[in-house]
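Small disclaimer: the values here were computed from a predicted structure and weren't measured.
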Amino acid sequence: MLKNVLGTFFFLLTSLYANSYVNPVPFSKSIKSGAPKPVSLNYHMPVITWADALLAVDNKHLFPKGIKLVDDPIEQINDVLDGKTPFIRQTVGSGVMIADALKQKGINMIVFHSVSDSLGGDVIVAKKAIKNFNQLEAMVKAGKKPVIAIQWGGPHMGWLVQLLNSIHLKLSDVNIKYTANLFGENSPESAIAEDSSVDIAFVISPSAATLTQGEYAIPGLHVLTSTKVMNDAIKDVIFVRADWAVQHATELQKIRNAYFNSLKHIMNDALIKETAELLFGSGKQGTEDLTGMRDETRFHNQSRSENFLYSPTNLINFNRKTAEIVAAYAKSNYISSSQLTIGTYDWKVKISKGAELKELDQQTQASVLGKVKTLDTKGQGQDIFKKTIYFKPNQSSFSETTYGTDFEEAIRLTATYGGAVIKIVGNVDPQLLRAWNKAVEFKKDGKVQNLVKVERYLKKVTGNNHNLQTMSIQLIQTELNNVRNAANQTSKERANAVKRAIVTYAKKHSYDLDASRMVVLGAGGDAPIYEVPKDEQQFLKNIRVEFVITNYNAEISEFSETQDF
């Protein structure tokens with residue numbers, strides 16, 4: 001597959017091909033007419049070109065007509081309407097559009113199983129003017145609509161909604177150019193390569209590598225983020241006709257259990273070869289491509305599946321994710337109704353009411369903190385998005401009444417960017433540091449009158465008298481170091497207090513929280529928004545805690561993803 005993508009891309013760069021974009025018409029207007037037929041006894045299970053096809057192929061004996069590769073969502077809908085299958089295999093984002101279309105035909109679809117997430121197989125690439133999501137947000141605030149290329153109805157649709165929501169933007173805030181294909185001709189990769197107006201493109205990882213690396217790379221393009229960072233962005237699920245599910249409960253249970261059991265077979269060479277032939281045809285390259293897909297997939301065991309589908313403590317669970325997507329699609333007329341709901345099959349799952357809190361022990365926290373500081377010093381950290389909470393001077397407590405909305409958003413961001421490190425960085429105003437810096441400078445230059453001005457300022461701020469004219473340069477430098485250390489300590493203590501408040505908030509409201517990826521840092525007064533505040537408002541802007549979502553090029557072993565089965 002990778003060689004095919006490279007070849008296609010080279011063809012695009014050396015041809016006169018021009019992109020042709022798709023008009024976003026709801027699926028309900030694109031499917032076949034006529035009344036739906038009852039499900040045939042001789043039905044199949046659809047799969048798409050993704051690694052969880054391994055599970056379907058391993059259980060092909062459970063489906064009377066075996067497995068069918070159907071990447072086109074319209075074809076999947078038509079197969080359901082024709083009674084060829086009761087199943088739909090899609091991501092949640094495209095699945096909402098499918099469920100809406102079938103609802104118009106009187107067919108109610110529910111989700112009975114979640115199978116996988118993408119862990120790096122899907123990537124967002126951007127022009128160099130957009131280095132992080134804060135710049136994307138700033139473009140919108142400045143009145144400019146960023147141009148995004150994405151496949152219409154494809155696997156990235158829900159990811160787009162989740163991304164925009166995380167940075168307080170809507171679909172209407174951006175200009176979306178929809179393509180017919182995921183890669184190759186008429187795709188997001190060709191759009192950003194050939195259309196100078198496109199700022200961002202949602203692509204698959206081989207396309208991203210071609211666009212940003214090597215001899216075919218497009219100058220200025222870079223990886224903005226991927227599903228390795230937003231590792232809950234693309235949820236792969238299987239829908240089933242609700243009426244069929246009721247009548248075939250035992251059959252459905254057998255399929256679900258078999259998929260869980262097949263997780264132990266995904267390394268089997270014979271299964272990989274058979275599945276690769278279904279997806280790509282025979283040949284060594286297909287086997288290599290499927291192996292790469294498998295390594296970029298997080299398969300769902302029973303615990304992970306049930307947490308996503310049923311856990312009320314999960315802030316990005318199926319119901320919440322679906323509601324978010326439905327609301328966005330309805331406003332853009334991608335679906336027929338904002339009232340669309342998609343149920344889940346009742347497996348009588350017993351989910352604990354207690355939220356899951358992940359934390360590291362102190363020794364491991366110290367190890368992670370050391371690695372983060374080292375990687376930042378080497379410039380290996382990519383800051384993706386920054387959220388800021390502002391405080392009052394000398395504030396040490398943070399009430400839910402005042403900061404509850406901020407805390408809930410911080411918890412949601414931690415879940416949304418589950419593959420990133422969340423740096424909680426405290427900042428203080430730099431004026432006291434600046435005053436002592438100036439004292440050192442004036443003392444060296446012998447500017448007595450200016451030293452008097454600094455003395456007055458220090459008296460006003462600290463309440464203490466400082467006779468800088470009689471102090472030695474060494475003593476002034478020592479005081480400067482003491483103030484700098486105090487500023488660093490104060491800023492770190494404030495960041496720690498905010499982290500504790502967030503953990504307390506999560507526990508109180510029964511929200512899952514991965515606090516293990518929260519790294520607390522104190523920037524002191526070294527990173528002010530306003531170096532010399534002109535008024536109280538600018539002074540208060542400097543007193544803040546920032547949540548910096550950071551991706552590191554080097555792996556931090558404490559956070560390495562492993563399959564949990």
Side-chain angles (χ1 to χ4, degrees), residues 5 8-9 11-13 15-27 29-30 71-74 91 93-94 96-97 122-131 133 135-140 142-167 169-208 210-212 216-227 230 233-234 325 328-335:
V5 171
T8 301
F9 193 74
F11 169 78
L12 291 174
L13 290 180
S15 71
L16 297 177
Y17 169 74
N19 284 285
S20 177
Y21 295 110
V22 173
N23 183 31
V25 176
F27 285 175
K29 298 184 183 301
S30 303
D71 284 322
D72 181 6
I74 299 298
T91 64
S94 54
V96 166
M97 301 172 73
D122 301 88
V123 181
I124 301 175
V125 294
K127 300 278 179 68
K128 65 179 179 180
I130 302 175
K131 293 183 171 60
F133 292 142
Q135 289 180 324
L136 191 68
E137 189 180 23
M139 286 176 67
V140 174
K144 181 182 178 182
K145 284 191 173 187
V147 180
I148 298 175
I150 191 171
Q151 183 194 24
W152 170 247
H156 300 148
M157 292 283 293
W159 185 13
L160 173 61
V161 172
Q162 185 176 34
L163 166 62
L164 293 177
N165 281 354
S166 75
I167 56 176
L169 298 180
K170 305 181 292 295
L171 289 173
S172 58
D173 290 325
V174 297
N175 181 6
I176 306 174
K177 293 191 173 183
Y178 286 110
T179 67
N181 302 318
L182 185 58
F183 62 89
E185 294 185 8
N186 290 320
S187 70
E189 68 175 271
S190 63
I192 199 166
E194 307 250 334
D195 186 343
S196 61
S197 72
V198 175
D199 298 301
I200 288 173
F202 284 69
V203 302
I204 57 175
S205 56
S207 302
T210 306
L211 288 164
T212 61
Y216 303 131
I218 306 298
L221 285 189
H222 66 102
V223 171
L224 192 58
T225 192
S226 74
T227 50
M230 299 184 73
I234 300 180
I325 293 170
Y329 286 0
K331 287 180 181 177
S332 297
N333 296 316
Y334 296 166
I335 59 175

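Atom OG in S196 sits 9.5 Å away from atom CG in D199 (nearest 0.5 Å). Here CG of L224 is found 9.0 Å from CZ of F202. Values are rounded to the nearest 0.5 Å. Rounded to the nearest 0.5 Å, atoms OG1 (T179) and CH2 (W152) are 11.5 Å apart. Note that CG of L160 and CD1 of I124 are 8.0 Å apart. Values are rounded to the nearest 0.5 Å. Within the model, atoms CD1 of I234 and CG of D122 stand 3.5 Å from one another, a figure rounded to the nearest 0.5 Å.
No side-chain heavy atom of I148 sits under 4.5 Å from any side-chain heavy atom of K177. A heavy-atom distance below 4.5 Å is not found between the side chains of M157 and V96. Contact of the K127 side chain with the I192 side chain is registered, since non-hydrogen atoms from C-beta on lie closer than 4.5 Å. Taking 4.5 Å as the limit, every side-chain heavy atom of T91 sits out of range of all side-chain heavy atoms of W159. In this structure the side chain of F27 reaches within 4.5 angstrom of the side chain of P73, judged on heavy atoms. Inter-residue side-chain proximity for L163 and S166 is flagged as met; some heavy-atom pair is nearer than 4.5 Å.
For L182 against P188, the heavy-atom pair with the smallest separation is O-CD, 3.6 Å. Contact record, F133 with T225: CZ-CG2, 3.6 Å, taken as the closest heavy-atom pair.
Listed by chain and residue number, Y334 satisfy the ring pair (Phe, Tyr, Trp, His ring centres under 6.0 Å) test with Y329 (two or more places apart in sequence, or in another chain).
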